[in-house]
Amino acid sequence: MLIFEKSRPGRGISALPKCDVEQYTLPEDDMREADLHLPEMAEVDLSRHYTELAKKSHGVNDGFYPLGSCTMKYNPRINEKTASFEGFTQVHPLQPAETVQGCMQVLRETEEALAEITGMSSFTMQPAAGAHGEFTGLLLIKAYHLANGDPQRTKIVVPDSAHGTNPASAVMAGMEVINVDSTPDGLVDVDKLREICRDNEEIAGLMLTNPNTAGLFDPNIREITDIIHECGGQCYYDGANLNAVMGWARPGDMGFDCVHLNLHKTFSTPHGGGGPGSGPVGCKEHLAEFMPGVKVVDENGILAFGKADSSLGEMKNFYGNFLVVVKALTYIKMLGRQGIPEASKNAVLNANYMMNKLSEKYDIAFKPEVCMHEFVMDIGRQAKETGVTAMDIAKGLLDNNIHPPTMYFPLTVHEALMAEPCETESKETLDEAIGVFLALNDLAYSDPEALHAAPVKTPVTRLDEVGAARHPVLRYEF
Ligand SMILES: *Cc1c(COP(=O)(O)O)cnc(C)c1O
């Protein structure tokens, strides 16, 4: 039942102090014509409503959540503690810099830490999410080409294994996407890339995530970025998957010119349910003059707000989602120089452990000897032999209190289940999940109907997904 349906006129929980300023009545023209329809409820009913909703969903606190490419790691509680300090919450974005030196120091130190981790020279915290960061990075590349008198550089090369946001961001930035196919082992086809780029003065650059969405680290990465640079393009690194390599390999050293990170993945701030997120963008020196937003500068020992010389403007109001930055900095400081590489080492170890155990019954796409933070199972064989699809296996997992892996992605594998266990899971949790996956495979052969009917233990059972996609009901009609 929706909160609007539970609403009763006259109920409420507002306990506002008496108004101590003169009342002001808006001109008639500025008034709403229809009722606002805010739900009216007692506090106890409101509390129960949201508790009930929370029980119906699956979060990291409920159980294993191997949703590939989303890095659903556990977010340490201490992050919440620092983000709730009054010095960070009871400030106004228009306060003079000298009164918020602590906040400025957080921005400065996060910028420095992320620059060191990625091999970039400066960072902006303004972008609110990964895709927003991609858009920002592409605008940087665009500004660079325009400043160099190269307005015709509008084509961006994106591999077919890319995250869906990559081509979408490119189009939003006014660029045209050129797809480059993968080789049969799931890597960028270097020969095809060379062919696309040869004497091509329209190439703006390349967008790549490495390791890619199949969990493969591209061994040709230096060659790939060289090809782009040789034809005058810039290289954009989608750093949402940094969980696999942080502390070990840096996009800057791989030849990338700019990068975005998802603080709400790798750097352990909660995500899902629509945010808030944070997608900081870093770049090398030659792009820094175009950076958006504020730049924290040191003026004789006092931190002050500055701007890049040819700044492309604002990507978001003020400083981005500042409290997300506080959480990420807490995470970085808690792990330190030893903990950061150890976290990614364990993320890779956990993924390899699972991949090897599951390969007993499941086909692994591209068959890597060693995967990075995630791997892709191909359910094609089971689908052919039993009729049980990746979707059915995913639904079966729900009945076992496991969130399904990412389904039907990357698009290069038809019956894909892409699993990312993350470093925060214990061997016991992984073993239990492996047991469930193997049992579901056996169930596909012994009783496929049971899997077609799953889930049966969840608050809502099998949904009509086609119906939901064809006839979406996105508005509540009063
Ligand atoms: C999650 C993700 C993104 C998009 O991040 P959002 O914060 O959801 O916009 C982009 N690229 C990759 C590889 C991702 O995993």
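Remember, it's a predicted structure, so these values are computed and weren't measured experimentally. Indexing begins at 1, ligand by ligand and atom by atom, following the structure's order.
- For atom 11 (N) of ligand 1, the nearest non-hydrogen atom of the protein is Asp238 OD2, 2.6 Å.
- Near Glu134, meaning under 4.0 Å from one of its heavy atoms, ligand 1 places the atoms 10 (C), 11 (N).
- Checking side-chain atoms of Glu420 against main-chain N and O of Thr71 turns up a donor-acceptor pair under 3.5 Å.
- Looking only at atom types and distance, the side chain of Ser268 has a donor-acceptor partner in the side chain of Asn79 under 3.5 Å away.
- Below 3.5 Å of separation, one finds no N or O of His260 facing any N or O of ligand 1.
- Under the 3.5 Å distance criterion, the side-chain polar atoms of Ser278 are left unmatched by any main-chain donor or acceptor of Ala128.
- Here the heavy atom of the protein found nearest to atom 6 (P) of ligand 1 is Gly130 N, 3.4 Å.
- Nearest protein heavy-atom neighbour of atom 1 (C) of ligand 1: Lys265 NZ, 1.4 Å.
- Ranking the protein heavy atoms by distance from atom 3 (C) of ligand 1 puts His163 CE1, 3.5 Å first.
- Below 4.0 Å from some heavy atom of His264 lie the following atoms of ligand 1, by number and element: 7 (O).
- With a 4.0 Å cut-off on non-hydrogen atoms, Asn262 touches ligand 1 through its side chain and not its backbone.
- The closest approach between His271 and ligand 1 stays at or above 4.0 Å for every heavy atom of the residue.
- Residues His403 and Asp62 have side chains that never bring a donor and an acceptor to within less than 3.5 angstrom of each other.
- Classification of Glu314 and Lys307 as a salt-bridged pair holds, one side-chain N sitting under 4.0 Å from a carboxylate O.
- Atoms of ligand 1 lying under 4.0 Å from any heavy atom of Ala129, numbered from 1 in the order shown and given with element: 7 (O), 9 (O).
- Ring geometry, Tyr319 versus Phe305: the interplanar angle falls under 30°, so the pair is classed parallel (tilted spans 30 to 60°).
- At most 12 heavy atoms of other shown residues, nucleotides or ligands fall within 6.0 angstrom of atom CD in Gln338.
- The protein heavy atom nearest to atom 9 (O) of ligand 1 is Ala131 N, 2.8 Å.
- Around the CD atom of Glu289, the shell of radius 6.0 Å holds more than 12 heavy atoms that belong to other residues, nucleotides or ligands.
- Per-residue contacts place Ala240 under 4.0 angstrom from the following atoms of ligand 1 (heavy atoms of the residue considered): 2 (C), 11 (N), 12 (C), 13 (C), 14 (C), 15 (O).
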